[in-house]
2 protein chains.
Amino acid sequence: MYTIREVCEKTGLTSHTLRYYEKEKLLPSVGRSAGGFRQYTDEDMETLAMICCLKNTGMSLQEIAQFMTLAREGDSTLEARCEMLRKHRENVLGRMEEMQRYLDKVTCKYDCYSKRLAEYRQKQGE
Amino acid sequence: MYTIREVCEKTGLTSHTLRYYEKEKLLPSVGRSAGGFRQYTDEDMETLAMICCLKNTGMSLQEIAQFMTLAREGDSTLEARCEMLRKHRENVLGRMEEMQRYLDKVTCKYDCYSKRLAEYRQKQGE
DNA sequence: CATTGACTTAGAGTTCACTTTAAGGTTTAT
DNA sequence: ATAAACCTTAAAGTGAACTCTAAGTCAATG
């Protein structure tokens, strides 16, 4: 069991964000202590790791919430979730390829600017 | 010379977005026809290509505006712009590496789900 | 020469993903 | 036992990047 503070430290998310994710159904309702404080289980931590992974690869919180809602419905939703992951993976791959192409352009621009800068310095020195 | 419509078609941006970019100083003030309609030059098109390249690699519009403002000030800002590009390129490289690591996780999750799904189907078939 | 459709402006509204605020209750250390 | 630190909620606010609206002007076509 972890307090919200410990979860913040482990995940890098703020407590506000954790509560927000719970409100948005990314996480199931987290258990509480006698005093009403959240107590995160290891299972909650795994769910959070999955959330971070999906979020960091560009899935919207809305879609993550959808995925997690399906996950809570059990094995009958395995196919739907599998399909979501497959599509998401395709998207990520596509974006990475696009990114690579844009990176090449940025590199090219940078080289071009470096040359112009060298020439400019030469001229200044004359 | 291109009308705003032609520029939309070439860039995939909407006319609203093009005007918004101009207001935000990403583009210099675009020339006008007798009737007050925007007329984009080839130079404007090149600037737009650069903007899209920087935007699609994750530079904020604010930073792009900064870059473009420097560009309009002439060669004395070459060094500053060169440095911006260098840093930006580093950022993009870093993000791509991070993305690759997350992609591996997504792939792993997908494989795991595929297996679970196969098992589930087997069980259903029994 | 009238209508249709594209263009103009300023400014308000939207979406996403938080982030902050206000007002109060709980835990822990001294 | 009391202060400091941390937790709770609901709701409002923020920043980025658009996106839409209203009211009007311009251009092309039958």
Side-chain angles (χ1 to χ4, degrees), chain A residues 1-41 44 47-69 88 91 95 98 102, chain B residues 1-41 44 47-48 50-69 88 91-92 95 98 102:
Chain A
M1 295 291 212
Y2 311 92
T3 65
I4 201 167
R5 171 138 297 261
E6 288 166 327
V7 180
C8 292
E9 278 155 16
K10 276 180 205 284
T11 61
L13 300 168
T14 69
S15 56
H16 297 292
T17 302
L18 285 169
R19 285 189 284 262
Y20 170 67
Y21 283 1
E22 198 176 328
K23 201 180 76 188
E24 299 295 316
K25 310 282 182 204
L26 275 74
L27 273 179
S29 285
V30 172
R32 301 304 176 101
S33 70
F37 286 12
R38 282 174 181 76
Q39 289 181 313
Y40 292 81
T41 64
D44 291 329
T47 305
L48 272 170
M50 183 74 177
I51 288 169
C52 288
C53 180
L54 294 176
K55 192 190 67 159
N56 287 323
T57 44
M59 191 183 277
S60 71
L61 298 194
Q62 199 179 103
E63 221 179 333
I64 297 174
Q66 238 176 70
F67 184 92
M68 292 303 171
T69 300
H88 179 60
N91 286 345
R95 270 187 297 113
E98 188 190 65
Y102 280 119
Chain B
M1 296 292 213
Y2 311 91
T3 65
I4 201 167
R5 171 138 298 263
E6 288 166 327
V7 180
C8 291
E9 279 155 16
K10 276 179 207 283
T11 60
L13 300 169
T14 70
S15 55
H16 297 292
T17 302
L18 284 170
R19 285 189 283 262
Y20 170 68
Y21 282 2
E22 199 176 326
K23 201 180 77 187
E24 299 295 314
K25 309 283 178 201
L26 274 73
L27 273 179
S29 286
V30 173
R32 301 306 176 98
S33 71
F37 287 11
R38 283 174 180 77
Q39 289 181 311
Y40 292 81
T41 64
D44 290 330
T47 305
L48 272 170
M50 183 74 179
I51 288 169
C52 287
C53 179
L54 293 176
K55 191 190 67 160
N56 287 323
T57 44
M59 191 183 278
S60 70
L61 299 195
Q62 198 179 105
E63 223 180 331
I64 298 175
Q66 238 176 71
F67 185 91
M68 292 305 172
T69 301
H88 179 59
N91 286 345
V92 177
R95 269 186 296 114
E98 189 192 66
Y102 280 119

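Side-chain atoms are counted along with the backbone in the values below, which use heavy atoms only and exclude waters and symmetry mates. Computed from a predicted structure; not experimentally measured. Within every chain, numbering begins at 1; the chains are lettered A, B, ... in the order of the sequence lines, protein sequences first and strands thereafter.
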S.K.: How far does OH of Tyr21(A) sit from NZ of Lys55(A), to the nearest 0.5 angstrom?
M.R.: 3.5 Å
S.K.: Find every protein N or O atom lying less than 3.5 Å from an N or O atom of nucleotides 17-21 of chain C, and list the pairs.
M.R.:
residue, atom, partner, partner atom, Å
dA17(C), OP2, Leu61(A), N, 3.3
dC18(C), OP2, Tyr21(A), OH, 2.6

S.K.: Would you say Asn91(A)'s side chain and His88(A)'s backbone share a donor-acceptor pair under 3.5 angstrom?
M.R.: no
S.K.: Knowing that exactly one of Thr47(A), Thr3(A), Val30(A) qualifies, which makes a side chain to side chain contact (heavy atoms under 4.5 Å, CB included) with Tyr40(A)?
M.R.: Val30(A)
S.K.: Output the distance between atom CE (Met50(B)) and atom CG (Leu48(B)), rounded to the nearest 0.5 Å.
M.R.: 12.5 Å
S.K.: Quick one: closest heavy-atom pair of Thr14(B) and Cys8(B), and the distance?
M.R.: C-SG, 3.6 Å
S.K.: Contact class for Arg19(A) (heavy atom, under 4.0 Å): base, sugar-phosphate, or nothing?
M.R.: base
S.K.: Starting at the 5' end of nucleotides 24-30 of chain C, put B wherever the base has a protein heavy atom under 4.0 Å, S where only the sugar-phosphate does, and a dash everywhere else.
M.R.: -BSS---
S.K.: What's the separation between atom CD in Gln66(B) and atom CE in Met59(B), rounded to the nearest 0.5 Å?
M.R.: 9.0 Å
S.K.: Could you grab the distance from atom CD of Gln62(B) to atom CG of Leu26(B), nearest 0.5 Å is fine?
M.R.: 10.5 Å
S.K.: Do the non-hydrogen side-chain atoms of Arg32(A) and Arg38(A) ever get within less than 4.5 Å of each other?
M.R.: yes
S.K.: Extract, from 5' to 3' on DNA chain D, the first and final nucleotides lying under 4.0 angstrom from some heavy atom of chain A.
M.R.: dC7(D) to dT9(D)
S.K.: How many Å lie between CD on Glu22(B) and C1' on dA10(C), as a whole number?
M.R.: 14 Å
S.K.: Could you tell me whether Arg38(B) contacts a base, only the sugar-phosphate backbone, or nothing, with contacts defined as non-hydrogen atoms closer than 4.0 Å?
M.R.: sugar-phosphate
S.K.: Between Met68(A) and Lys25(A), what is the shortest heavy-atom contact and its length?
M.R.: CB-O, 4.1 Å
S.K.: Could you give the distance from CD (Glu63(B)) to CZ (Phe67(B)), rounded to the nearest 0.5 Å?
M.R.: 10.0 Å
